[in-house]
Amino acid sequence: MSKPNLSLPAVEIREIRTGSITAYDGEAAALVSKAHSGTLKDTERSFQQCAGCAITKAACMTVLIQDAAVIEHGPVGCSTCLHEYNFTYLVNSGLRNVAEPLTRRVFSTNLREKDTVYGGLAKLEKTIREVKERTDANVIFVLSTCAAAIIGDDIESVCDQMEDELGIPIVPIVCEGFRSRVWTTGFDAAYHGIARKLINKPSVKNTDTINVINFWGSDRFSDWFAPFGCKPRYITPFSTLKDLNKASEAVATVQACSTLGSYLAAVLEQDFGVPEIETAPPYGIVQTDRWFRALGKLLGKEDIAEQVIKEKKEKYLPRIEELKEKLKGKTAYVTGGAAHGHALLSVLGELGINAVGASIFHHDALFDSGRLENDQLNQRVEDYGNVRNYRVCSKQEYELANSLGKLHPDILLSRHGGMTLWGAKYGIPSLLVGDEHYSMGYEGIIDYGERILETMENDEFVKNLQKHAINPYTKWWLMQRPDHFFDNKNINDKNAEGKVNG
Ligand code: SF4
């Protein structure tokens with residue numbers, strides 16, 4: 001595992017930095033133990049249905065910065081899904097009190113075949129100038145693509161030159177898809193560019209401000225930090241250039257998701273002296289207790305942490321017990337990105353629902369902090385027990401369809417929209433909650449538990465859909481084990497039995 005190095009133009013990819021893998025089939029406990037002992041290995045698939053691209057992750061951490069514009073330097077096709085962040089921005093801006101949410105500013109240099117022969121830098125220069133003129137953005141990000149990388153365009157030099165000309169930061173982000181098969185490298189790439197160019201060395205310390213690295217969830221943290229005399233600075237969605245400049249002045253950094261914030265939190269601690277909370281985000285009661293205690297310790301306010309825990313538990317535990325009673329004996333399957341998927345598995349454990357399996361997109365052997373306490377899957381296993389059919393699926397839907405069909409749980413929990421339809425096709429009630437803060441803390445167990453109950457009780461639509469849905473996969477495929485196309489099936493699972501455990 002290597003430390004963040006801001007003197008390099010590009011972030012080191014997750015496969016090298018954090019030992020991340022994209023294929024696994026076995027038990028969660030065995031995965032954790034392999035990861036912690038440094039023996040976790042990735043394997044190839046001889047068939048792959050789809051792949052994610054780091055550019056979408058880099059875009060999601062830059063497009064949503066209020067006063068930014070983003071240029072994708074490459075063929076226009078690489079930016080075809082970036083407009084989705086406009087929807088995300090407009091829909092969620094109310095949660096963050098953005099007074100006048102502006103339509104997002106996303107552009108492409110639209111490289112054509114001729115440009116791949118003669119180079120695309122002249123186009124990039126012209127585009128940066130035009131974007132500044134049309135948007136008057138305070139900061140412009142330039143995202144690289146495979147085509148630009150293959151022809152060797154020196155994006156950084158053009159950004160530096162245009163920065164001098166226009167007088168605003170122009171930030172190159174090295175995020176072309178082929179650099180890494182772990183597309184969350186795109187988050188790190190965005191943060192690497194932001195840390196190199198936008199975060200200033202601290203001139204003062206704001207003892208009342210805590211950085212919250214997050215996506216676009218509801219504002220839980222203002223209420224949680226208030227008893228400590230602090231307020232959140234949410235980064236990077238809905239932040240401004242000024243917020244990012246001052247991220248180094250905060251008293252601490254916390255994260256909504258360790259997969260998302262691993263790199264930036266480590267950089268803030270290592271290069272800017274902002275300590276990162278020494279535990280994973282607060283999902284599940286046990287972890288929420290740990291989180292408040294770690295926050296209290298960091299701020300030197302342990303007594304306040306104990307008081308908050310006591311008051312919140314008195315208020316919320318009785319309702320949690322009622323929910324547990326109603327959900328007793330139910331089963332669930334989880335699909336999502338790594339750390340948030342682990343968080344949902346903990347929430348299930350807290351509610352007493354049996355997590356029969358999970359298809360999680362990748363796995364980081366260790367986060368950038370190097371702290372085992374940040375490993376949410378480990379916590380899930382220790383606090384609530386093993387998950388027997390735990391898969392790292394790299395978002396291969398054919399594997400999810402296979403595993404889910406065999407286990408047929410009472411509910412499917414998903415973090416990504418495209419995956420819920422598999423539950424619905426099987427007649428399994430499926431729940432998608434885009435707000436990743438929704439299930440956090442003691443109150444989150446109630447909010448999310450009630451949604452689970454509501455989803456299970458209203459299953460008429462999925463039952464009807466199942467009657468009419470056509471499964472595109474053959475019987476042959478559905479009878480194979482889900483890791484059928486792994487080159488090395490037993491590489492990580494000493495207990496592999498060749499079947500999904502029902
Ligand atoms: S993988 Fe490469 S070509 Fe494909 S969208 Fe990403 S940057 Fe573009």
Side-chain angles (χ1 to χ4, degrees), residues 8-17 20-23 42 44-45 47-64 68-88 104-121 123-124 127-128 131 140-156 158-159 170-194 259-260 263 337-338 361-362 393-398 416-419:
L8 299 174
V11 72
E12 211 166 6
I13 60 173
R14 285 213 178 192
E15 292 93 321
I16 296 171
R17 229 181 59 243
S20 307
I21 61 156
T22 53
D42 209 357
E44 300 286 332
R45 287 176 171 81
F47 170 68
Q48 177 133 334
Q49 189 175 37
C50 57
C53 173
I55 200 172
T56 58
K57 301 295 168 269
C60 107
M61 286 298 119
T62 50
V63 172
L64 275 69
V70 173
I71 299 169
E72 168 264 320
H73 179 47
V76 72
C78 296
S79 57
T80 43
C81 58
L82 304 191
H83 67 280
E84 289 175 7
Y85 295 120
N86 187 51
F87 175 81
T88 306
R104 294 296 78 205
R105 288 86 64 99
V106 184
F107 302 85
S108 169
T109 50
N110 189 18
L111 290 189
R112 311 297 286 265
E113 196 175 347
K114 199 172 152 194
D115 303 312
T116 63
V117 177
Y118 294 102
L121 292 180
K123 252 188 169 176
L124 176 60
T127 307
I128 294 173
V131 165
I140 296 175
F141 294 95
V142 178
L143 312 182
S144 66
T145 60
C146 297
I150 289 166
I151 61 174
D153 269 1
D154 183 359
I155 295 173
E156 181 152 21
V158 171
C159 289
I170 315 283
V171 186
I173 306 288
V174 185
C175 57
E176 56 270 13
F178 68 39
R179 285 192 76 223
S180 169
R181 69 164 86 187
V182 185
W183 62 84
T184 46
T185 292
F187 295 137
D188 314 334
Y191 295 147
H192 189 75
I194 287 169
T259 289
L260 172 73
Y263 187 73
F361 303 156
H362 81 284
C393 70
S394 198
K395 217 173 179 177
Q396 303 304 309
E397 296 192 28
Y398 73 94
H416 289 232
M419 307 300 259

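Keep in mind the model is a prediction, meaning the values are calculated, not measured. All residue numbers in this chain count up from 1 along the given sequence. Indexing begins at 1, ligand by ligand and atom by atom, following the structure's order.
Checked by atom type, the side-chain pair Ser394/Thr22 shows no donor-acceptor distance below 3.5 Å. Judged purely by distance below 3.5 Å, without hydrogens or angles, the side chains of Thr109 and His73 pair a donor atom with an acceptor atom.
For atom 1 (S) of ligand 1, the nearest protein heavy atom lies closer than 4.0 Å.
Between Tyr398 and Phe47, the ring planes are tilted. Angles from 30° to 60° get that label.
Around atom 2 (Fe) of ligand 1, the protein contributes the following N, O or S atoms under 2.8 Å, ordered by chain and number: Cys146 SG.
A donor-acceptor pair is defined here as one N or O able to donate and one able to accept, closer than 3.5 Å; such a pair exists between the side chain of Arg104 and the backbone of Val63.
Applying the side chain to side chain contact (heavy atoms under 4.5 Å, CB included) criterion to Cys60, with sequence neighbours excluded, gives Tyr85, Phe187, Phe215, Trp216.
Here Asp188 pairs with Arg17 in a salt bridge; the nearest charged N to carboxylate O distance falls below 4.0 Å.
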